[in-house]
Structure formats: structure tokens, C-alpha cells
Amino acid sequence: QVQLVESGGGLVQAGGSLRVSCAASGRTFSRNAVAWFRRAPGKEREFVTTISASGGFIYYADSVKGRFTISRDNAENTVFLQMNSLKPEDTAVYYCAAGPLALTSSVGYEYWGQGTQVTVSS
């Protein structure tokens, strides 16, 4: 069993940066891939990025490529999402999710956090 808690969301101006974290409990976290998804108001949940258990495989959605960076510290059971050059369209609730494989589909992830709000003002 893995429990996930996101933190670090907030309000930032366009062009600014923010780092959100996903802290996990459970001994199997280091064997799980972790992804970030987001849901903007009135929109479907969308994939943002994923990192494999070892950190050796990373994939980004085109919309965030070059601006966002995912990383993980398995010793600390934490995954980070560094978000730079933020745009108003990045405004959403950001969720981390864990599962056996680094996939872009949400159905591949068994464990989900409650989400953290990121708001980018123009």
C-alpha cells in the first residue's frame, strides 16, 4: 500500500516558478513509477509527466516539455515537480499517482494523492 500527499501548490504570476512535492508512505514506493496529472476547471484530467521507479525513464507531455522537470528521491520517498515559465493555462489541481509502470494513461496508476492547487495569474 502506498499513500501519497502533495504539497507546494500556490499562487504565482505568469513566468514564475513553483515546485510541488509528492511525499509517499509505504515500503514499496521505490518500486513504483510516479506520474503527475492535472485537472483544470471545466476540463478533463490530463497527463503531465512520469518517472520510472529507478528514475531512468522520464516522459513529458508536449505542453510542459522544456518548462517542467520531474525528479525523485527514493531515500526520502518523495517526487518533485519543478515548474518554470508558468503560464495561466497551467492553472489546475495537480495530482501525483503511483503504479508499477511509467505510463501516460491514468488507468495505469493504483495510488493517488488528494491534489494541490496551482494558480498562475496573468
Side-chain angles (χ1 to χ4, degrees):
Q1 191 79 356
V2 176
Q3 294 180 323
L4 305 174
V5 178
E6 302 94 336
S7 63
L11 174 65
V12 63
Q13 289 188 327
S17 297
L18 205 60
R19 188 176 81 160
V20 292
S21 302
C22 174
S25 63
R27 290 176 291 179
T28 62
F29 176 73
S30 63
R31 297 200 294 269
N32 279 268
V34 176
W36 288 94
F37 290 82
R38 66 186 182 185
R39 183 182 299 231
K43 295 188 177 181
E44 297 289 318
R45 180 171 54 193
E46 68 170 340
F47 168 80
V48 176
T49 180
T50 187
I51 186 168
S52 63
S54 68
F57 174 79
I58 290 173
Y59 187 80
Y60 297 98
D62 287 342
S63 58
V64 306
K65 199 173 297 181
R67 301 188 298 121
F68 289 13
T69 302
I70 190 171
S71 61
R72 68 187 297 160
D73 183 342
N74 284 342
E76 296 295 326
N77 276 7
T78 304
V79 171
F80 304 98
L81 181 64
Q82 177 67 44
M83 303 182 288
N84 299 328
S85 303
L86 282 161
K87 306 174 181 179
E89 51 263 44
D90 294 317
T91 295
V93 177
Y94 284 72
Y95 301 89
C96 64
L101 297 174
L103 304 173
T104 61
S105 172
S106 61
V107 299
Y109 295 92
E110 305 173 57
Y111 308 106
W112 291 81
Q114 294 299 307
T116 186
Q117 176 70 49
V118 172
T119 303
V120 184
S121 63
S122 57

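- Nearest heavy atom pair, residue Pro41 against residue Thr91, reads CD-O, 4.2 Å.
- Closest approach of Asn77 and Gly26 over heavy atoms only: ND2-O, 3.6 Å.
- Geometrically, Arg19 engages Phe80 in a cation-pi contact defined by less than 6.0 Å to the ring centre and at most 45° from the axis.
- In this model, a donor atom of one side chain and an acceptor atom of the other lie less than 3.5 Å apart for Asn84 and Ser17.
- Between the OG1 atom in Thr49 and the CD atom in Gln82 there is a gap of 12.5 Å [rounded to 0.5 Å].
- Under the 4.5 Å side-chain criterion, counting only non-hydrogen atoms from C-beta, Val93 is not in contact with Thr116.
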Legend entry - Derivation and outcome, ring pair (Phe, Tyr, Trp, His ring centres under 6.0 Å), residues Phe47 and Trp36: CA-CA 7 Å; Phe47 168 80; Trp36 288 94; over 10 Å; no
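- The two residues Asn32 and Pro100 have their closest heavy-atom pair at OD1-N, 3.9 Å.
- To the nearest 0.5 Å, atoms OG (Ser85) and CZ (Arg67) are separated by 7.0 Å.
- Counting heavy atoms from C-beta on, the side chains of Tyr94 and Leu18 never come closer than 4.5 Å.
- Judged as a disulfide bond (SG atoms under 2.5 Å apart), the pairs with a partner in residues 18-111 (not counting sequence neighbours) are, in order, Cys22-Cys96.
- A heavy-atom distance below 4.5 Å is not found between the side chains of Val12 and Thr119.
- Using a 4.5 Å heavy-atom cutoff, the side chains of Met83 and Val118 are in contact.
- A cation-pi arrangement is found for Arg72 relative to Phe29, the charged atom lying closer than 6.0 Å to the ring centre and inside a 45° cone about the ring normal.
- Ring geometry, Tyr59 versus Phe57: the interplanar angle falls under 30°, so the pair is classed parallel (tilted spans 30 to 60°).
- Contact between Ser52 and Gly56 at its shortest, heavy atoms only, is OG-N, 3.2 Å.
- Here the shortest heavy-atom pairing between Ala33 and Tyr109 reads O-CE2, 4.2 Å.
- In this structure, Lys65 places its NZ atom where more than 12 heavy-atom neighbours from other residues, nucleotides or ligands lie under 6.0 Å away.
- Side-chain contact between Tyr60 and Val48 is absent, with no heavy atoms from C-beta onward closer than 4.5 Å.
- Residue-environment remark: CD (Glu76) stays at or below the threshold of 12 foreign heavy atoms within 6.0 Å.
- Ile58 and Val20 fall within the same hydrophobic cluster, where Ile, Leu, Val, Met, Phe, Trp and Tyr residues are linked whenever their side-chain heavy atoms come under 4.5 Å apart, directly or through other members.
- Scanning both residues, Arg45 and Ser106, for their nearest heavy atoms gives NH2-OG, 3.5 Å.
- When hydrophobic clusters are built by joining Ile, Leu, Val, Met, Phe, Trp and Tyr residues whose side-chain heavy atoms come closer than 4.5 Å, directly or via intermediates, Leu81 is not grouped with Trp112.
- Following chains of ILVMFWY side-chain contacts shorter than 4.5 Å, one cannot reach Tyr95 starting from Tyr111, and the two form parts of different hydrophobic clusters.
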Inset, instruction - Please report the C-alpha distance between Thr50 and Leu103 in whole Å, then the side-chain angles of each, then the deciding distance to 0.1 Å, and finally whether the side chain to side chain contact (heavy atoms under 4.5 Å, CB included) criterion is met. - result: CA-CA 7 Å; Thr50 187; Leu103 304 173; over 6 Å; no
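- For the salt bridge (charged side-chain N to carboxylate O under 4.0 Å, His left out) with Arg38, the qualifying choice from Glu44, Glu6, Glu89, Glu46 is Glu46, the only one to do so.
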